[in-house]
Chemist: 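Below are the structure tokens for one structure; questions will follow.
Each chain gets a letter, A, B and so on, in the order its sequence line appears, and its residues count up from 1.
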Amino acid sequence: MRVFNTLGRVLTELEPAPPARLGMYVCGPTVQSEPHLGHGRSAVAFDTIRRYLRWRGYDVTYVRNVTDIEDKIIAAAQERGMSVPELAEEMSARFAETFAALAVEAPDVEPRATEHIPEIIELIARLIDRGLAYPSGGDVYFSVRGFEGYGKLSGRRPDELLSGARVEVSDAKQDPLDFALWKAAKPGEPWWHSPWGRGRPGWHIECSAMAMKYLGETIDIHGGGNDLIFPHHENEIAQSEGATGKPFVQYWLHNGMVNLAGEKMSKSTGVLVDLAEAIRRFGGMAVRLLYLRAHYRSPLEFREELVADAAAAVERLDRFRRRFPPPDAAADPEALERFRRVMDDDFGTPEAVGLLFDLVREANRMADEGQDPAGIVAAFYEIAGVLGLVFASTGLDDLADPLVSLAAEFGVEVDGDPVACLESLLARRRRAREERDWPVADAIRDRLDALGIVVEDSADGTRWHRR
RNA sequence: GGCGACGUGGCCGAGUGGUUAGGCGCGGGUCUGCAAAACCCGUUACCCCGGUUCAAUUCCGGGCGUCGCCUCCA
């Protein structure tokens with residue numbers, strides 16, 4: 001299978017072939033504020049890649065970090081009158097529950113920067129030993145010009161970077177390009193003891209330390225948003241390879257940005273859409289499908305009508321799932337082969353989604369014509385599962401009271417169980433239909449519809465689902 | 001200015017040197033007590049200009065336009 005490697009900007013064969021162990025590190029969020037649609041895209045993109053690699057037979061170890069100490073978190077915590085750990089804890093929980101609503105699986109390891117201070121300090125010390133970093137006034141900086149390969153990921157040469165206007169100037173740096181590995185604590189900031197005094201890690205170093213701790217000095221796949229290519233990932237390479245002398249990452253994978261009204265979603269500009277809000281309004285699967293319908297590397301323009309469109313498409317999948325429960329049958333091999341072919345080509349999820357809808361139509365048609373679609377249906381479930389399109393069956397517990405009174409209204413025997421209640425009502429309606437008593441049959445259907453329960457008749461019986 | 005991505009039908013979005021993506025929407029039909037669902041048919045697509053070719057939306061060159069990165073960012 002081929003993947004697009006940002007390092008070299010080429011589609012390359014993923015080696016070794018399965019089965020093999022594969023270490024995968026993805027830059028998780030800096031837990032400073034609520035997740036937005038961009039965070040969701042990255043999480044879903046790499047969750048899908050992880051699921052697919054596993055399906056292909058790889059033994060994947062998936063690490064996604066939480067950066068819980070950083071300048072912006074400190075600032076945000078002060079603004080809200082909270083401690084840094086309190087804010088980080090609250091936002092981590094928000095990210096976790098929001099990602100869960102997108103059916104993003106929990107990572108195998110979810111390391112936090114603040115729990116790896118010893119590893120970070122050790123890595124910095126190694127870089128100092130090797131002459132690639134230097135302490136300065138309580139800070140420690142990385143010597144960019146001391147690392148020969150600097151710029152190989154982002155395609156920037158140190159000399160060209162100098163002309164950029166946004167280089168942070170500091171008397172403490174020997175060179176304007178140098179970046180902080182360790183920052184001396186200012187009054188009121190969180191700090192840890194270090195050989196260079198009280199301080200905290202710089203932004204990039206925690207990913208190097210944690211990735212290497214859990215996945216070794218050379219890791220197979222490293223992912224993140226393409227806005228991290230420079231400087232974050234460029235600096236990770238410099239720090240890691242500077243310390244070990246070995247290649248840090250075999251395959252760099254980057255997802256595209258989510259744009260809003262033609263502009264990138266970003267914390268700094270305030271151009272963003274709250275992820276939890278979008279999930280609340282359209283459902284987690286609609287948001288996930290929205291992501292999957294674009295290739296993970298393409299920019300994705302967000303508009304409300306596009307999520308509504310995705311929600312309608314999810315409805316179709318959901319109706320299909322209700323019509324055909326998971327069968328006890330082998331998945332159609334031809335469908336799986338098509339899936340493998342499009343996904344093997346740098347994770348072609350838009351085509352895979354197209355395939356999924358092909359299967360929906362095919363199985364519906366077969367069933368309509370009296371054939372058994374079990375193999376197609378099984379392929380549908382297998383593929384949907386790999387794409388992370390999972391559907392929770394909705395209960396009726398919140399509708400217990402209205403259902404009981406509705407049952408009583410139609411003279412149906414009831415106990416408190418809402419499912420039994422609904423079944424009784426549907427049985428009553430079936431009798432009405434057999435007696436060609438359309439007013440009663442339609443009234444039951446209309447009243448259930450008002451509760452959000454949709455009743456549909458078909459040749460093979462009556463089905464219901466919540467709207 | 002440097003580096004990179006991209007311009008496909010009403011909307012979104014794959015893909016291909018000549019032959020069906022797919023979804024949503026819209027129109028027609030089948031089925032059905034009605035409704036819904038499902039299925040079938042249609043909705044005449046590939047930014048512009050050159051070039052290569054028997055043939056280009058697909059390859060090459062130029063133009064126009066959009067977006068991202070260039071030390072906050074997923």
Chemist: Mind checking side chain to side chain donor-acceptor pair (under 3.5 Å) for A/S143 and listing every partner two or more places apart, or none if nothing turns up?
Modeler: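 If we apply the side chain to side chain donor-acceptor pair (under 3.5 Å) test to A/S143, skipping adjacent residues, there are no hits.
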
Chemist: Can you give me the dot-bracket string for RNA chain B, 5' to 3', counting Watson-Crick and G-U wobble pairs with both distances under 3.5 Å, using [ ] for crossing pairs and | for partners on another strand?
Modeler: (((((((..(((.....[...)))((((((.......))))))...(((((..]....))))))))))))....

Chemist: With distance as the sole criterion, do the side chain of A/D442 and the base of B/G33 form a donor-acceptor contact below 3.5 Å?
Modeler: yes

Chemist: Measuring from A/D345:CG to A/H295:NE2, what's the distance to the nearest 0.5 Å?
Modeler: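 That separation rounds to 8.0 Å.
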
Chemist: Tell me whether the side-chain N or O atoms of A/N226 pair up with the base of B/G68 as donor and acceptor below 3.5 Å, since no angle test is needed here.
Modeler: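 No, no donor-acceptor pair under 3.5 Å.
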
Chemist: With centres under 5.5 Å and planes under 30°, do A/F357 and B/G23 count as stacked?
Modeler: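 Check failed, A/F357 does not stack on base of B/G23.
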
Chemist: Restricting to ring-ring contact (aromatic ring centres under 6.0 Å, His included), what partner residues turn up for A/H204, sequence neighbours left out?
Modeler: A/F179, A/H232

Chemist: Below the 4.0 Å mark, does B/A38 have OP1 or OP2 next to a side-chain nitrogen or oxygen of A/R316?
Modeler: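 So the side-chain polar atoms of A/R316 do come within 4.0 Å of the phosphate oxygens OP1 or OP2 of B/A38, strictly under.
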
Chemist: A/S154: what forms a side chain to side chain contact (heavy atoms under 4.5 Å, CB included) with it, not counting sequence neighbours?
Modeler: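 Residues passing side chain to side chain contact (heavy atoms under 4.5 Å, CB included) with A/S154: A/R156, A/I229, A/F230, A/E234.
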
Chemist: Looking at A/S298, does any N or O in its side chain come under 4.0 Å of the phosphate oxygens OP1/OP2 on B/C67?
Modeler: no

Chemist: Using the C1' atom as the point on both nucleotides, what is the distance between B/G28 and B/G7, in whole Å?
Modeler: 34 Å

Chemist: Return whichever of A/F46 or A/E301 has its heavy-atom-nearest nucleotide of RNA chain B closer to the 5' end.
Modeler: A/E301

Chemist: Within the 4.0 Å heavy-atom criterion, would you say A/G224 contacts the bases, only the backbone, or no part of the nucleic acid?
Modeler: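 Sugar-phosphate, no base atom in range.
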
Chemist: Please state how far atom CG in A/L290 lies from atom C1' in B/C11, giving the value in whole angstrom units.
Modeler: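 Between C1' of B/C11 and CG of A/L290: 13 Å.
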
Chemist: Please report the distance separating the C1' of B/A55 from the corresponding atom of B/G17, rounded so that it comes out in whole Å.
Modeler: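 After rounding to an integer number of Å, I get 8 Å for this pair.
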
Chemist: If you compare every side-chain N and O of A/K264 against the phosphate oxygens of B/C69 (OP1, OP2), does one of them come in below 4.0 Å?
Modeler: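 Checking A/K264 against B/C69: at least one side-chain N or O falls below 4.0 Å of OP1 or OP2.
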
Chemist: May I ask you to verify if any side-chain N or O of A/R319 is less than 4.0 angstrom from the OP1 or OP2 atom of B/A38?
Modeler: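 So the side-chain polar atoms of A/R319 do come within 4.0 Å of the phosphate oxygens OP1 or OP2 of B/A38, strictly under.
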
Chemist: Quick check, are the ring centers of A/F142 and A/W182 under 6.0 angstrom apart?
Modeler: no

Chemist: Could you tell me whether the side chain of A/D332 and the main chain of A/G375 form a donor-acceptor pair under 3.5 Å?
Modeler: no

Chemist: Test of understanding: with salt bridge (Lys or Arg N to Asp or Glu O under 4.0 Å), list the residues that count as partners of A/D449, not counting sequence neighbours.
Modeler: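 Counting only residues at least two positions away or on another chain, A/D449 forms a salt bridge (Lys or Arg N to Asp or Glu O under 4.0 Å) with A/R467.
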
Chemist: Report the residue (A/E305 or A/N255) whose heavy-atom-nearest nucleotide on RNA chain B is the more 5′ of the two.
Modeler: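 Whichever sits nearer the 5' end wins; that is A/E305.
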
Chemist: Round to the nearest Å and state the distance from A/K173 atom NZ to B/U71 atom P.
Modeler: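 That distance rounds to 11 Å.
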
Chemist: Hey, can you pull the residues of residues 338-346 of chain A with a non-hydrogen atom under 4.0 angstrom from RNA chain B?
Modeler: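 Those residues whose heavy atoms fall under 4.0 Å from RNA chain B, taken from residues 338-346 of chain A, amount to none.
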
Chemist: Check the phosphate of B/G33 against A/R433, side-chain N and O only, distance under 4.0 Å to OP1 or OP2. Yes or no?
Modeler: no

Chemist: Describe the nucleic acid contact of A/V454 in one word from base, sugar-phosphate, nothing, applying a heavy-atom distance below 4.0 Å.
Modeler: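 The answer is nothing, as A/V454 stays clear of every strand by at least 4.0 Å.
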
Chemist: In whole angstroms, how far is the C1' atom of B/A74 from the CZ atom of A/R297?
Modeler: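 Taking atom C1' of B/A74 as the reference, CZ of A/R297 is at 16 Å.
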
Chemist: When the distance from CG of A/D368 to P of B/U32 is rounded to whole Å, what number comes out?
Modeler: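 It is 13 Å, rounded to the nearest whole Å.
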
Chemist: Taking the C1' atom in each of B/C39 and B/U32, what is the distance between them to the nearest angstrom?
Modeler: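 My reading of the C1' atoms in B/C39 and B/U32 gives 13 Å.
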
Chemist: For a quick check of understanding: with a heavy-atom distance under 4.0 Å over all strands, which category does A/I229 fall into, base, sugar-phosphate or nothing?
Modeler: nothing

Chemist: With heavy atoms under 4.0 Å as the rule, sort A/G225 into base, sugar-phosphate or nothing.
Modeler: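 If one applies the 4.0 Å heavy-atom cut-off, A/G225 turns out to touch the sugar-phosphate alone, with no base involved.
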
Chemist: For A/R157 and B/G4, give me the distance from atom CZ to atom C1', rounded to whole Å.
Modeler: 16 Å

Chemist: Rounding to an integer number of Å, can you tell me how far A/L359 CG sits from B/A21 P?
Modeler: 18 Å

Chemist: May I ask you to say what A/D457 touches in the nucleic acid, namely base, sugar-phosphate or nothing, with a heavy-atom cut-off under 4.0 Å?
Modeler: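 It contacts base atoms.
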
Chemist: Mind checking A/R429 for me? I need base, sugar-phosphate or nothing, with any heavy atom below 4.0 Å counting as a touch.
Modeler: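 Answer is base: heavy atoms of A/R429 come under 4.0 Å of a base.
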
Chemist: If you take the centroid of each ring, where Trp contributes its six-membered ring, are A/H254 and A/F46 closer together than 6.0 Å?
Modeler: no

Chemist: With sequence neighbours left out, what residues match A/E70 under side chain to side chain donor-acceptor pair (under 3.5 Å)?
Modeler: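 Applying side chain to side chain donor-acceptor pair (under 3.5 Å) to A/E70 gives none.
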
Chemist: So what does A/H232 touch, heavy atoms closer than 4.0 Å: a base, only the sugar-phosphate, or nothing?
Modeler: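 Touches nothing.
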
Chemist: Side-chain donor-acceptor pair under 3.5 Å between A/N235 and A/Y150, yes or no?
Modeler: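 Result is yes, a qualifying pair exists.
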
Chemist: For A/E315, what residues pass the side chain to side chain contact (heavy atoms under 4.5 Å, CB included) criterion, not counting sequence neighbours?
Modeler: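 In terms of side chain to side chain contact (heavy atoms under 4.5 Å, CB included), with neighbours along the sequence ignored, A/E315 is linked to A/D318, A/R319, A/R322, A/H465.
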
Chemist: Considering every strand and a 4.0 Å limit on heavy-atom distances, what is the contact class for A/G256: base, sugar-phosphate, or nothing?
Modeler: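 Touches a base.
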
Chemist: For B/G15 versus B/U19, give the span between their C1' atoms, rounded off to a whole number of Å.
Modeler: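 Comparing C1' positions in B/G15 and B/U19 gives a spacing of 14 Å.
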
Chemist: Residues in side chain to side chain donor-acceptor pair (under 3.5 Å) with A/E409, at least two apart?
Modeler: A/R447

Chemist: When rounded to the nearest Å, what value does the distance between C1' atoms of B/C47 and B/G9 take?
Modeler: 14 Å

Chemist: Would you please name every residue forming a side chain to side chain contact (heavy atoms under 4.5 Å, CB included) with A/V377, sequence neighbours left out?
Modeler: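 With sequence neighbours excluded, A/V377 shows a side chain to side chain contact (heavy atoms under 4.5 Å, CB included) to A/F320, A/F324, A/P327, A/A363, A/P373, A/Y381, given in chain and number order.
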
Chemist: Looking only at atom C1', what distance separates B/C12 and B/C46, rounded to whole Å?
Modeler: 15 Å

Chemist: In whole Å, measure the gap between the P atoms of B/A37 and B/U44 for me.
Modeler: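 These two P atoms come out 24 Å apart once rounded.
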
Chemist: Say you pick atom P in B/G62 and the same atom in B/G4; how far apart are they, in whole Å?
Modeler: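 Pairwise P distance, B/G62 against B/G4, rounds to 14 Å.
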
Chemist: Indicate whether OP1 or OP2 belonging to B/G23 is found under 4.0 Å from a side-chain N or O atom of A/R361.
Modeler: yes

Chemist: So for A/R365 and B/C40, does any side-chain atom that can act as donor or acceptor lie under 3.5 Å from a complementary atom in the base?
Modeler: no

Chemist: Would you please name every residue forming a side chain to side chain donor-acceptor pair (under 3.5 Å) with A/W252, sequence neighbours left out?
Modeler: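 Not a single residue meets the side chain to side chain donor-acceptor pair (under 3.5 Å) criterion with A/W252.
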
Chemist: Examine the base of B/C72 for any acceptor or donor lying under 3.5 Å from a partner atom in the side chain of A/D227, and report the outcome as yes or no.
Modeler: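 No, the side chain and the base share no sub-3.5 Å donor-acceptor pair.
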
Chemist: In this structure, how many angstroms lie between the P atom of B/A37 and the CG atom of A/N364, rounded?
Modeler: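 Distance check: A/N364 CG to B/A37 P gives 12 Å.
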
Chemist: Are the side chains of A/Y25 and A/I221 in contact, using a 4.5 Å heavy-atom criterion?
Modeler: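 No, every pair of side-chain atoms sits at 4.5 Å or beyond.
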
Chemist: I need the CG-P distance between A/L300 and B/G23, as an integer number of Å.
Modeler: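 In whole Å, B/G23 P lies 19 Å from A/L300 CG.
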
Chemist: Check each residue of residues 443-453 of chain A for a non-hydrogen atom within less than 4.0 Å of any atom in RNA chain B, then write out the ones that pass by number, or none.
Modeler: A/R445

